[in-house]
Amino acid sequence: MKQGYDFFTDVYDVVRQIPAGRATSYGAIAAYLGSKRGARMVGWAMSSGYTEHGLPAHRVVNKQGELSARHLFETPTTMQERLESEGVEVKDGRIQHWEKYFWDPEKELS
DNA sequence: CGGCTGACGAAAA
DNA sequence: CTTTTCGCCAGCC
């Protein structure tokens, strides 16, 4: 349990623990942090320093498994290519078999 | 301090 | 299916 840090730190810490070939959602992270409605803060926190912290941001998508953040990467295809490279099926900016790739921090991380 | 914004989410229409 | 609305909360102007 990581608590006692800033919201950012908590987000970064969880994202870093996402295993390759898996992905989680902003809402799941927010819920894990205690603010289940603070999903926006999660994405915002990452956009604020994902590149600085070397976070695997491509492994964090929205609840629908959509690569909503690809427009922030170097190219609109970077996120998808990176996920596919890790074994995740992505089609039209959306993860296929999302429920099977979904990595829930509350469940996997305890 | 007030208002706006945002890689979201869920519900309502 | 689309569009709207509300909630959440930190950062910025």
Side-chain angles (χ1 to χ4, degrees):
Chain A
M1 328 306 277
K2 7 239 65 209
Q3 282 162 36
Y5 299 91
D6 298 303
F7 193 88
F8 288 11
T9 309
D10 289 333
V11 174
Y12 302 153
D13 199 43
V14 173
V15 173
R16 281 198 203 92
Q17 298 176 70
I18 302 175
R22 299 281 214 126
T24 190
S25 67
Y26 308 98
I29 295 174
Y32 174 69
L33 298 181
S35 304
K36 63 184 194 175
R37 305 295 168 169
R40 317 169 81 177
M41 274 74 269
V42 176
W44 171 54
M46 293 174 64
S47 70
S48 230
Y50 86 92
T51 216
E52 302 173 43
H53 292 258
L55 299 174
H58 56 283
R59 294 186 194 143
V60 184
V61 297
N62 66 19
K63 209 57 187 293
Q64 295 176 46
E66 297 172 7
L67 283 53
S68 49
R70 58 189 176 177
H71 67 94
L72 300 180
F73 285 71
E74 301 171 40
T75 72
T77 57
T78 303
M79 195 172 183
Q80 177 171 332
E81 286 176 29
R82 232 166 147 184
L83 282 169
E84 294 180 319
S85 183
E86 297 182 345
V88 179
E89 301 173 64
V90 181
K91 173 109 183 180
D92 190 42
R94 187 160 5 169
I95 296 178
Q96 306 299 295
H97 306 292
W98 171 227
E99 38 189 283
K100 122 176 178 183
Y101 292 113
F102 184 45
W103 182 83
D104 187 345
E106 294 186 288
K107 187 197 254 176
E108 308 290 332
L109 209 52
S110 297

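Quick note on labels: first sequence line is chain A, next is B, and so on, each numbered from 1. It should be emphasised that the depicted structure is a prediction, and the values quoted were computed from it without experimental measurement.
Both A/Val88 and A/Met79 are members of a single hydrophobic cluster when ILVMFWY side chains are connected at heavy-atom separations under 4.5 Å. One hydrophobic cluster, built from ILVMFWY side chains closer than 4.5 Å, holds both A/Leu67 and A/Trp98. The cluster map of Ile, Leu, Val, Met, Phe, Trp and Tyr, joined by side-chain heavy atoms under 4.5 Å apart, puts A/Ile18 and A/Leu72 in different clusters.
A/Asp104 contributes a side-chain N or O that, together with a main-chain N or O of A/Glu106, makes up a donor-acceptor pair within less than 3.5 Å. Distance alone, capped at 3.5 Å, is enough to place a donor-acceptor pair between the A/Gln96 side chain and the A/Arg94 backbone.
A/Arg59 and A/Glu86 are joined by a salt bridge, as a carboxylate oxygen and a charged side-chain nitrogen come within less than 4.0 angstrom of each other.
Aromatic ring centres of A/Tyr26 and A/Trp44: separated by at least 6.0 Å.
From the 5' end on, the contacts that DNA chain B makes with chain A at under 4.0 Å to a non-hydrogen atom open and close at B/dG6 to B/dA10.
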Please write out each protein N/O paired with an N/O of nucleotides 9-13 of chain C under 3.5 Å, distance rounded to 0.1 Å.
none

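Among the protein residues, A/Ala57 comes within range of the nucleic acid bases, having at least one heavy atom under 4.0 Å from a base atom. Among the atoms of the strands shown, only primed sugar atoms or phosphate atoms (P, OP1, OP2) are found under 4.0 Å from some heavy atom of A/Ser68.
Taking CD1 of A/Ile29 as the reference point, atom CE of A/Met41 lies at 13.5 Å (rounded to 0.5 Å).
If you take CD of A/Gln64 and P of C/dT2, they are 10 Å apart, rounded to a whole angstrom.
Comparing the P positions of B/dA12 and C/dC8 gives an interatomic distance of 16 Å, to the nearest angstrom.
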